[in-house]
Amino acid sequence: MFDTHSVKAEVLELLASLKGYCASRRRAGIQSGDRYKPANPQEVLTQTTTREHESQEVLLQKVRTELGECTRCRLCAQRKHIVFGEGNPDARLVFIGEAPGADEDLQGRPFVGKAGQLLTRIIRAIELKRSDVYIANILKCRPPSNRDPEDDEINTCIPFLHKQLEVIQPRIICTLGRIATQALLGTDRGITELRGTFHLLGEIKVMPTYHPSYLLRNQEKKRETWLDMQMVQKEYFKQ
Ligand code: SF4
């Protein structure tokens with residue numbers, strides 16, 4: 001469980017069981033490959049926005065209206081619902097995953113399945129609520145059989161995520177898993193290499209960590225995730 005006390009207990013238990021564990025820097029089953037690369041990812045979120053007198057909620061709704069019943073890529077064919085994203089339009093912290101899964105496709109909401117429940121516990125463990133943060137994905141429609149997104153699908157969909165981020169202007173982004181991290185940061189480096197430290201995207205601090213669905217299959221990675229989340233928590237509450 002990811003309530004603070006049980007997570008700490010779990011970490012202590014893991015540390016005990018991991019005593020003497022010589023962790024290799026294997027890429028945790030993560031394959032490298034040519035991923036989406038924005039032309040200049042450091043500039044993507046530094047564009048000026050026309051927020052003026054409109055609330056962030058209204059501006060996000062405008063992005064949603066612009067997206068419409070999107071048919072810009074092949075993923076529209078089998079989706080049940082577009083999963084736009086949800087949460088605090090003025091969030092200081094945004095979580096970004098890869099794409100909706102089956103539960104999310106059914107409900108039209110991000111991270112509502114088992115992995116989503118774990119994400120909710122992770123958020124609680126850093127003393128926040130889901131309603132404090134904003135949660136979205138790189139893709140807004142479910143890839144068939146949860147396959148990896150294709151580069152052209154990412155290229156087509158990610159501008160809408162960028163628009164959401166331009167409206168929200170978070171201080172911190174936590175990317176969940178390899179694909180979200182590579183797509184947002186425009187890198188081919190693996191999640192094992194990237195996690196554990198902040199990366200700058202414009203002025204936003206980006207902390208890559210493991211995807212909750214990966215954690216469900218690889219419990220031993222919870223310890224590293226907790227370390228990442230402690231850094232996020234510290235940054236979040238910093239004055
Ligand atoms: S994944 Fe994105 S670009 Fe593709 S159809 Fe869905 S909303 Fe449109």
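Sequence positions, counted from 1, serve as the residue numbers for this chain. Start at 1 and go down the list; that is how both ligands and their atoms are numbered. Not measured: the values here are computed from a predicted model.
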Identify, by atom number and element, the atoms of ligand 1 in contact range of Thr156, meaning under 4.0 Å from any of its heavy atoms.
3 (S)

Arg79: numbered ligand 1 atoms lying under 4.0 Å from its heavy atoms:
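Heavy-atom distances to Arg79 below 4.0 Å select 5 (S), 6 (Fe).
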
To the nearest 0.1 Å, how far is atom 2 (Fe) of ligand 1 from its closest protein heavy atom, and which atom is that?
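Going atom by atom, the protein heavy atom closest to atom 2 (Fe) of ligand 1 ends up being Cys157 SG, 2.3 Å.
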
Which residue owns the protein heavy atom closest to atom 6 (Fe) of ligand 1, what's the atom, and how far is it?
Cys141 SG, 2.3 Å

Regarding Arg74 and Glu150, does a basic nitrogen lie under 4.0 Å from an acidic carboxylate oxygen?
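Not counted as a salt bridge, because no side-chain N and carboxylate O are separated by less than 4.0 Å.
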
Verify the distance criterion only: is there a donor paired with an acceptor across the side chains of Arg72 and Thr156 at less than 3.5 Å?
no

Looking at [X] and [Y], would you say the former's side chain and the latter's main chain have a donor-acceptor pair under 3.5 Å?
X      : Y      : answer
Gln182 : Asp188 : yes
His211 : Leu176 : no
Asn218 : Glu220 : no

Taking both backbone and side chain into account, is any N, O or S atom of Cys73 nearer than 2.8 Å to atom 4 (Fe) of ligand 1?
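So Cys73 counts as coordinating atom 4 (Fe) of ligand 1, yes.
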
Does Cys70 bring an N, O or S atom to under 2.8 Å of atom 8 (Fe) of ligand 1?
yes

